[in-house]
There are 2 protein chains.
Amino acid sequence: MIRTHLSVVSVDDSCFECPVSSKGVCLRYGASLRDAVSKYSVDAIIKKGSALAYAGDRANALFIIKKGEIKAIRSLRDGRQQIVGFARPGDIIGNPQGQDSFDCTFEALTDSVLCKTRTKDLHKLSSDHPEYNSAFMDAVSNEILRRGDQNVLLGRKRAEERLASFITERAIDVQHDNSFVKLDVINLPMTRLDIADYLGLTIETVSRVLTIFKNRNLIKIVNKSRIEILDHDSLAALACEEESRHFNTRIFL
Amino acid sequence: MIRTHLSVVSVDDSCFECPVSSKGVCLRYGASLRDAVSKYSVDAIIKKGSALAYAGDRANALFIIKKGEIKAIRSLRDGRQQIVGFARPGDIIGNPQGQDSFDCTFEALTDSVLCKTRTKDLHKLSSDHPEYNSAFMDAVSNEILRRGDQNVLLGRKRAEERLASFITERAIDVQHDNSFVKLDVINLPMTRLDIADYLGLTIETVSRVLTIFKNRNLIKIVNKSRIEILDHDSLAALACEEESRHFNTRIFL
DNA sequence: CGTCTCCTTGACGAGGATCAAGACCAGTGG
DNA sequence: CCACTGGTCTTGATCCTCGTCAAGGAGACG
């Protein structure tokens, strides 16, 4: 994992052309706030495998992912690590109020593009636009619930249930109107180790359980980073999750 | 667990006499907001063992705990349950923006007193007082971090480490100025089963590990609901947590 | 074709769950 | 005062899921 400075590619990119302007927090911006965000934000590019920030780093910006996927890692001193989540387009990295430091290490799983807003500009945005903070309240309370769900998964589910939950969650594509579609093919840009670190398992268990699912014809393993879901219902039953419980965008601090 | 209606004991209680007015979100209220909150809030009492709300219940109020302790439970359909946290004085139950339903079942571990504000009054508070929402931003981002820590605990720590984390966390008393003191005696108003459900263990494992700690002279078990810490350092080492990482108030949705 | 990384599979063992029994304790009633 | 009762906690014996260790397979890339 090599730290790279982010490349800033464009300083006048507009929200109107942004692929995530209709998702998550951006969706909730009013017209004038959107103009202001457009003015203050720049695109940043980060290469696959390099770190956006390390846990404890001074946080001088807020990022919204436009493209790619980034993992959020928390580590214990002896090397054990827990992946807190995978950030995807529309998801936020950073605190809209401007926190002092990052809580996680963020590493790009794929080449990614981020919308970057500097902390000092955040203060201006929130004081000029009263709806700015409340636009984030949805995201933060959503994230609290999601981490509660992850607590349940890590505390009370067995390996097969964890993998089933992971797969079904990635297969849900939430639409702008909060309806959703179930995808048949999902991409896994992360390694098996990343999945294991996310689910509180080992790489061997992840591999084994995927093989079990394959043998039961629940999934088809297209290749290392892509699986096809053959039996949504059985997986959903294994995941033992409420129907209806779908999350859209996440926020990482 | 019997549902009881809350008893409202006083409608004109002032924040100025409130035991938690100097904690958490209340601490951040300005004078005029504090007056307004005083006007809209009432005290509510809930008896040990009864439920404040069940997961999925319509949320028509926000609560701040003044006295007592309340557990927040999430359940799987087959009866397994995960306690997401224990809410204590200064902690919040509910969403300042007014959510539609509660995510957890809340049950009082002791007779408790709560400051209750109705959802419809929340809207008024937040529109009249721009600082109202931002006062909660600290709490929600704090809660996100805390649940991330709990993910690490549940995903990557072994039983002894989990218990050590639990004990050391409860032994930290955060002061108003964010300094803290380490308590030598801690109360455990919850049962061993509650502790197990919080830590992703079974009741037997909790009991065994406490006995191990006792035999190593790390703790003294005064009685079922009270333990004395004899060796803070060893427990802290077992917990493998960053020094410095202390949370004050929590929020549950 | 060799090397590197990642993934899969097998054998084995350990940590914690499960099952079962008994201890402790508060409350209740004789 | 003691016996009884029900709930909670502790302790022991056994089992099983998943972690650990080890080896081999499959791609990617030079």
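Worth saying up front: this structure is predicted, and the values here are computed from it rather than measured.
Put simply, the side chain of Arg192(B) and the base of dT11(D) share no donor and acceptor less than 3.5 Å apart. Below the 3.5 angstrom threshold, one finds a donor paired with an acceptor across the side chain of Arg208(A) and the base of dG10(C). For a distance-only test at 3.5 Å, the side chain of Glu204(A) qualifies as a donor-acceptor partner of the base of dC21(D).
Atom pair Glu161(A):CD and dT17(D):C1' shows a separation of 12 Å (rounding to whole Å applied). Taking atom CG of residue Leu210(B) and atom P of nucleotide dT8(D), one finds them 17 Å apart after rounding to whole Å. Atom-to-atom, CD of Glu160(B) to C1' of dG16(C) comes out at 12 Å; the value is rounded to the nearest Å. Atom CG in Leu154(A) sits roughly 12 Å away from atom P in dG19(D) (whole-Å rounding). The distance between atom CD1 of Ile203(A) and atom P of dG24(D), rounded to the nearest whole Å, is 18 Å. What separates CG of Asn215(A) from P of dT8(C) is a distance of 12 Å, to the nearest Å. If you measure from atom CG of Leu163(A) to atom P of dC7(C), you get 13 Å, rounded to the nearest angstrom. Across the protein-nucleic acid pair, Leu188(A) atom CG and dC6(C) atom C1' stand 14 Å apart, rounded to whole Å.
Under 4.0 angstrom from either OP1 or OP2 of dG19(D) there lies at least one side-chain N or O belonging to Thr205(A).
If you check dC24(C), dA17(C), dC7(C) against the side chain of Leu201(B), the one that comes closest is dA17(C). In the set dC18(D), dA17(C), dC9(D), dC9(D) carries the atom at the smallest distance from any side-chain atom of Ser207(B). If you check dT20(D), dC25(C), dT9(C) against the side chain of Thr211(A), the one that comes closest is dT9(C).
A donor-acceptor pair under 3.5 Å links the side-chain atoms of Lys157(A) to the main chain of Ala239(A), judged by distance alone. Checked by atom type and distance alone, the side chain of Asp197(B) never pairs as donor or acceptor with a backbone atom of Ile83(B) at under 3.5 Å.
The residue Thr191(A) sits close only to the backbone: its heavy atoms come under 4.0 Å of sugar-phosphate atoms, none of a base.
Under the 4.5 Å side-chain criterion, counting only non-hydrogen atoms from C-beta, Phe247(A) is not in contact with Glu143(A). Using a 4.5 Å heavy-atom cutoff, the side chains of Val174(A) and Ile172(A) are in contact. For the pair Pro19(A)/Lys67(A), no side-chain contact is recorded, criterion being any heavy-atom separation below 4.5 Å from C-beta on.
Residue order along DNA chain C, read from the 5' end via each residue's closest nucleotide, puts Lys214(A) first among Lys157(B) and Lys214(A). DNA chain D is contacted by both Lys224(A) and Gly200(A); Gly200(A) maps to the nucleotide lying nearer its 5′ end (nearest heavy atom per residue).
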